[in-house]
J.: 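Just dropping this structure here.
Indexing begins at 1, ligand by ligand and atom by atom, following the structure's order. Note that these values count all heavy atoms, side chains included, but never hydrogens, waters or copies made by symmetry.
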Amino acid sequence: MWDPKQYSLFREARRRPFFDLLAQVNALAPARVVDLGCGTGDLTLALAERWPEAEILGVDSSAAMLADAQTKHASSRVRFLQADLARVPLPGPASVLFSNAAIHWLDDHAALLAHLAGLLSPGGTLAFQIPANFEAPSHRCVEEVRALPRFASALRDVRRGHAEPLAFYLDHLVGLGFTVEAWDTTYLHVLPGENAVLQWLLGTTLRPIVTALGPEEGAAFLDTLRPLLQSDYPARPYGTPFPFTRRFVVATRVSSA
Ligand SMILES: C[S@@+](CC[C@H](N)C(=O)[O-])C[C@H]1O[C@@H](n2cnc3c(N)ncnc32)[C@H](O)[C@@H]1O
């Protein structure tokens with residue numbers, strides 16, 4: 001379902017929140033760092049550079065993304081594992097669990113946080129970033145087209161990403177024995193190229209949809225969506241402004257509660 005080439009189209013805009021999150025992780029010499037939902041592994045490598053003594057493990061459920069990661073980045077210190085984040089097994093406790101733009105695809109964030117907490121060593125850090133723009137015009141346009149009779153039944157079981165409110169992450173993680181920093185940031189991306197917002201969405205939100213619909217119906221879906229996005233995100237001579245809010249959580253385990 002995931003397409004590394006399409007995801008990499010807006011590389012710089014997608015990288016920035018990763019580094020904004022990483023800048024807030026204070027771990028000095030972690031032994032084991034895990035990149036949850038590592039995708040093509042390009043940014044997993046940035047974790048390896050930040051912590052040159054650490055053992056690094058990238059985990060992802062997508063064979064296509066991991067194939068890219070393996071060929072480009074695997075080494076004796078940087079390994080990759082295909083697994084579902086909801087059940088990921090680790091060889092031993094992690095010092096840092098890091099996740100950029102991945103866990104919004106998982107349904108039950110309370111269960112996920114409890115599972116991830118159990119993978120961390122005492123004093124370890126869980127840091128994640130997820131989109132928090134599910135009420136944005138881009139998502140409303142996608143929902144409008146999903147609801148059309150032509151597409152609705154084929155897409156009934158196709159999953160959507162979601163983010164819980166900031167206070168949800170704070171409450172759950174404090175309850176699990178963490179201290180928590182949590183915040184939102186709105187980026188105002190300026191996307192290059194034609195139909196830029198559609199192209200952006202094709203890297204993420206639209207993947208499960210076009211995969212489920214197949215080539216012909218998928219193309220019809222995009223043809224219907226394109227003008228809605230053009231109207232909500234008019235192109236300017238310098239590019240297409242695209243506001244995007246993201247949610248950040250950095251939680252440090254202070255007890256074994
Ligand atoms: C938007 S990409 C982000 C990739 C990378 N973290 C980055 O910042 O470039 C989301 C990744 O999450 C992975 N993913 C989604 N649901 C997953 C799950 N349940 N278990 C493991 N990986 C998952 C996808 O395969 C995809 O590679």
J.: Please state which option from D60, T44, L85, T205 has its nearest heavy atom closest to atom 24 (C) of ligand 1.
T.: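 Checking each option, the heavy atom nearest atom 24 (C) of ligand 1 is found in D60.
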J.: Give a yes or no answer on whether the side chain of R77 reaches the backbone of A54 with a donor-acceptor pair at less than 3.5 Å.
T.: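 Such a contact is found between R77 side chain and A54 backbone.
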J.: Look at the rings of F242 and Y233 and say which category their plane angle falls in: under 30° parallel, 30 to 60° tilted, over 60° perpendicular.
T.: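 Perpendicular: the ring planes of F242 and Y233 meet at over 60°.
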J.: With backbone taken as N, CA, C and O and side chain as the heavy atoms from C-beta onward, which portion of L106 lies under 4.0 Å from ligand 1: side chain, backbone, both, or neither?
T.: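 Side chain only; the backbone of L106 stays clear of ligand 1.
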J.: Evaluate side chain to side chain contact (heavy atoms under 4.5 Å, CB included) for R160 paired with F134, printing each intermediate quantity in order.
T.: CA-CA 9 Å; R160 297 170 169 84; F134 296 100; over 6 Å; no
J.: As an exercise, identify every atom of ligand 1 less than 4.0 angstrom from a heavy atom of G37.
T.: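 Selected atoms, number and element: 3 (C), 4 (C), 5 (C), 6 (N), 11 (C), 12 (O).
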J.: Counting heavy atoms only, name the option from W105, F98, F128 that's nearest to atom 16 (N) of ligand 1.
T.: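 Among W105, F98, F128, the closest heavy atom to atom 16 (N) of ligand 1 belongs to W105.
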J.: Going by the order shown, which atoms of ligand 1 are within less than 4.0 Å of some heavy atom of D84?
T.: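 Listed by number with element, the hits are 18 (C), 19 (N), 20 (N).
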J.: Starting from the C-alpha separation in whole Å, work towards a yes-or-no answer on salt bridge (Lys or Arg N to Asp or Glu O under 4.0 Å) for E164 and R247.
T.: CA-CA 9 Å; E164 299 289 353; R247 188 147 295 158; over 6 Å; no
J.: Let me know which of L170, V180, I103 forms a side-chain contact (heavy atoms from CB on, under 4.5 Å) with V249.
T.: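 Of the listed options, the one satisfying the test is V180.
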J.: Would you mind running through ligand 1 and noting each atom that sits below 4.0 Å from a heavy atom of S62?
T.: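 Contacts of ligand 1 toward S62, numbered from 1: 25 (O).
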J.: Does CD belonging to E143 count more than 12 external heavy atoms closer than 6.0 Å?
T.: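 Atom CD in E143 is packed in, count exceeds 12.
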J.: Is the contact between C38 and ligand 1 made by the side chain, the backbone, both, or neither, using heavy atoms and a 4.0 Å cut-off?
T.: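 It is the backbone that touches ligand 1; the side chain stays farther off.
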J.: Atoms of ligand 1 less than 4.0 Å from G39 heavy atoms?
T.: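 In order of numbering, the contacting atoms are 4 (C), 27 (O).
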J.: Under 3.5 Å, N or O to N or O, is N100 touching ligand 1 that way?
T.: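 N100 vs ligand 1: N/O contact under 3.5 Å present.
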J.: Is the closest heavy-atom distance from A101 to ligand 1 below 4.0 Å?
T.: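 A heavy atom of A101 does come that close to ligand 1.
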J.: Between the side chain of W105 and the main-chain N/O of G37, is any donor-acceptor distance below 3.5 Å?
T.: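 The answer is no, because no donor-acceptor pair under 3.5 Å joins these two groups.
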J.: Parallel under 30°, tilted from 30 to 60°, perpendicular over 60°: which one fits the rings of F221 and F151?
T.: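 Taking F151 first and then F221, their aromatic rings stand perpendicular (interplane angle over 60°).
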J.: Under 4.0 Å, heavy atoms only, figure out whether ligand 1 is touched by the backbone of L43, its side chain, both or neither.
T.: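 For L43, the contact with ligand 1 is made by the side chain alone.
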J.: Going by the atom numbers of ligand 1, which of them fall below 4.0 Å from some non-hydrogen atom of M65?
T.: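 Reading through ligand 1 atom by atom, the close ones are 27 (O).
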J.: Is N133 reaching over with its side chain to a backbone N or O of F244, donor-acceptor style, under 3.5 angstrom?
T.: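 Answer holds: no.
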J.: Does some non-hydrogen atom of A83 fall short of 4.0 Å from ligand 1?
T.: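 Yes, A83 has heavy atoms under 4.0 Å from ligand 1.
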